[in-house]
J.: 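To start, I am sharing the structure in question, which I have written as structure tokens.
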Amino acid sequence: MRISTASPPNDDKRWRIVNATMRRHGYQAHALIETLHTIQETFGYLDESAMRYAAASLHLPLSRVYGVATFYNHFMLKPKGVHSCVVCVGTACYIKNSNHIVKQVERALDVVTGETTADGKISLSVAHCVGMCWLAPVLLLDDEAATDLTPENTVDKVEEWVAYVNETT
Ligand code: FES
């Protein structure tokens with residue numbers, strides 16, 4: 001079992017939860033993904049100081065931690081917005097142009113996938129099947145599924161929802 005002498009980024013007690021995950025795996029490199037999951041569940045996202053802490057504790061280069069964190073769409077590198085916009089890119093949705101829909105949503109929200117709008121209100125992510133394949137392509141605007149989407153009408157639908165979000169948030 002390895003040990004770690006790395007110090008957490010600050011004295012927030014939640015780092016104990018993260019440390020417990022790494023300790024359980026003997027601070028071995030294979031604990032990286034579980035550690036990143038724990039950080040995200042505990043703090044809501046992974047910032048640079050968290051990735052540095054994971055890298056130092058697991059004896060890994062920061063570039064490896066950053067590479068894993070940016071490879072998986074699941075990981076958020078900034079705080080999550082109050083609202084979420086999720087584009088399904090699973091097979092049924094992909095066949096129906098979801099890759100174009102992602103681009104249109106990014107345009108409408110002025111944000112790239114995996115990030116949150118500048119006002120902190122909306123996070124954009126992708127999912128690999130949200131269980132509504134018969135409605136494909138599917139876009140989830142908070143808990144509501146937007147249907148009958150085409151690359152052409154997506155911007156209008158998203159902008160309509162953003163107007164509603166701005167009125168109510
Ligand atoms: S693949 Fe998109 S809902 Fe199933």
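Counting starts at 1 for both ligands and their atoms, following the listed order. Numbering starts at 1 and runs along the sequence shown.
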J.: Is the number of heavy atoms from other residues, nucleotides or ligands within 6.0 Å of CZ (R107) greater than 12?
T.: no

J.: Does any pair with a residue in residues 124-136 pass side chain to side chain donor-acceptor pair (under 3.5 Å), and if so which ones, sequence neighbours excluded?
T.: none

J.: Does the S84 side chain pair with the main chain of S123, one donor and one acceptor, at a distance under 3.5 Å?
T.: no

J.: Just to be careful: counting only protein atoms that are N, O or S, how many fall under 2.8 Å of atom 2 (Fe) of ligand 1?
T.: 2

J.: Specify the closest pair of heavy atoms between M22 and Y53, including all atoms of both residues, with the distance to one decimal.
T.: CE-CE2, 3.7 Å

J.: Measure across Y45 and K78 and return the closest heavy-atom pair with its distance rounded to 0.1 Å.
T.: CB-O, 3.1 Å

J.: Where is the tightest heavy-atom contact between T116 and K121, given as atom of each residue plus distance?
T.: CG2-N, 4.4 Å

